[in-house]
Student: 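Take this structure first; my questions come after.
Any value given below was found using the heavy atoms of this structure, including those in side chains, with hydrogens, waters and symmetry copies removed. Here is how names work: the chains are called A, B, and so on, in the same order as the sequence lines, proteins then strands, and each is numbered from 1.
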Number of protein chains: 2
Amino acid sequence: MAGAPRRRSAGDRRAQLVAIGLELLPTTPVQELTIDEVARRAGISRSLLFHYFASKRDYYTAVTRAAADVLREHLAPRPGLPADEQAAGMLDRYVGWVETYRDAHLAFVRGAAAGDPWVAEVYEETREALVEVTLTALDVPDDTRRRQLLRAWFAFTEDLVSQWVREPSMARAELVELLRGLLTRLLDD
Amino acid sequence: MAGAPRRRSAGDRRAQLVAIGLELLPTTPVQELTIDEVARRAGISRSLLFHYFASKRDYYTAVTRAAADVLREHLAPRPGLPADEQAAGMLDRYVGWVETYRDAHLAFVRGAAAGDPWVAEVYEETREALVEVTLTALDVPDDTRRRQLLRAWFAFTEDLVSQWVREPSMARAELVELLRGLLTRLLDD
DNA sequence: TAGCTTGCTGACCGTTGCTCAGCAAGCCGA
DNA sequence: TCGGCTTGCTGAGCAACGGTCAGCAAGCTA
């Protein structure tokens, strides 16, 4: 600890600060995360943080984007699998994710969604990307109606899984199957 | 204007402050609403606001609750109608509501959802109440599984309608019918 | 050694949430 | 009319926060 280098390269320091934000995110609503606290944890002055991030918003956006990237990577379809198995696989990974992180996940999703417009924007981007990736993974036609339904289905899934984790009202397999069935019914029309 | 009474009764003043908050809510994310601004609009000192509301949180909660009450009242089932017409009526009113308020509604819903735990709590209460009222209005059995599905359906509806208002991807009637059909399918099981 | 780049800090500023002692408006009994 | 009570209301002031800025100093090179 005491032997840690006092001076880091710009890239290292930036990464460290974002990492600290990611650590704090599960326990702290995004906007209650103070610059003071982050700087204290990093063992640096507030001023240095402002050297790397133009503003608090800028820092939050970076942290939120990093969190979103982790989730996206986790949910990404596994190449090589047939289209009809992708949905089940992604759903399974999603439920597993929420099971693992519970409140942390909710805090992230909801916290990102509202809070402030700039963070909401990152969240929006992520959703859009997930819709994109799912549409191609499931190999269904791409039109506005389907996109909207898919997005709404994500909202449904997000909400249902959050509730289910807290109070399982059906078997896990049943939950996944229900969501998968709903998805195909909505998209096949 | 100049003739307005300088001293109001406690109840009047409280109501006035909440009303100002409600006015500001559509254009301002909940937490960007500063005490200074509210006090300025009310023509009083900041200190007085803290006399009526123990803290900023307390004030926000009161405002959010007031907003939620307006929405709840608007969506409430019309007594006397048969159960199977209630869903269509409530959905119609909901879509109309979102059509009218658009971003304001989104700002409220999302803004309330995240932001801060205490406001989220009010939002949670409101959702719970809507689930309750809908279950009885539709006259379906009340169990955990149905409650969770209904809540998730609300999330779906909220999201889909928000998107649809921005970019109508189907006829209005079709939208309402899709939502109503999904609801009955989910609850009848 | 001098000189450069650059990671880094301390002191400072305006704003915001919040406190507190106390003023004063309006109603009372005398 | 006067004193006294309640209570709506204010101004000064504090601590914490986001953000700025001049300048120190670590580490490389010549």
Student: Output the rounded distance in Å from CZ (B:R14) to C1' (D:dG8).
Tutor: 15 Å

Student: Can you tell me how far P of C:dG10 sits from CD1 of A:I44, to the nearest Å?
Tutor: 12 Å

Student: Given atom CG of B:L17 and atom P of D:dG8, what is their separation to the nearest angstrom?
Tutor: 13 Å

Student: Distance check: side-chain N/O of A:Y59 vs OP1/OP2 of D:dG18, anything under 4.0 Å?
Tutor: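 No, outside the criterion.
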
Student: Any luck finding a side-chain donor-acceptor pair between B:Q163 and B:D159 under 3.5 Å?
Tutor: yes

Student: From CZ of B:R13 over to P of C:dA25, roughly how many Å is that when rounded to an integer?
Tutor: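 Answer to the nearest Å: 15 Å.
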
Student: So which heavy atom on A:L187 is nearest to which on A:R146, and how close?
Tutor: O-NE, 2.6 Å

Student: Can you check the A:F53 CZ to D:dC17 P distance for me, whole Å?
Tutor: 19 Å

Student: Please tell me whether B:Q16 and B:R13 have a donor and an acceptor in their side chains that are separated by less than 3.5 angstrom.
Tutor: yes

Student: Figure out the OH/P separation between B:Y52 and D:dT7, and round it to whole Å.
Tutor: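 Computing the B:Y52:OH to D:dT7:P distance gives 11 Å.
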
Student: Run the side chain to side chain contact (heavy atoms under 4.5 Å, CB included) test against A:R93 and tell me which residues pass, sequence neighbours left out.
Tutor: A:H74, A:L75, A:R78, A:M90

Student: If a protein heavy atom is under 4.0 Å from the base, mark B; if only from the sugar-phosphate, S; if neither, -; do that for nucleotides 16-24 of chain C going 5' to 3'.
Tutor: SBBBB---B

Student: Would you mind telling me which of A:E158, A:E121, A:E132 makes a salt bridge (charged side-chain N to carboxylate O under 4.0 Å, His left out) with A:R127?
Tutor: A:E158

Student: Would you kindly give the CG-to-C1' distance between A:L48 and C:dT6, to the nearest whole Å?
Tutor: 11 Å

Student: Determine which pairs satisfy ring-ring contact (aromatic ring centres under 6.0 Å, His included) with at least one residue from residues 126-159 of chain B, sequence neighbours left out, and list them in order.
Tutor: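 Residue pairs passing ring-ring contact (aromatic ring centres under 6.0 Å, His included), neighbours aside: none found.
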
Student: Which whole-number value in Å describes the distance from B:E37 CD to C:dT15 C1'?
Tutor: 14 Å

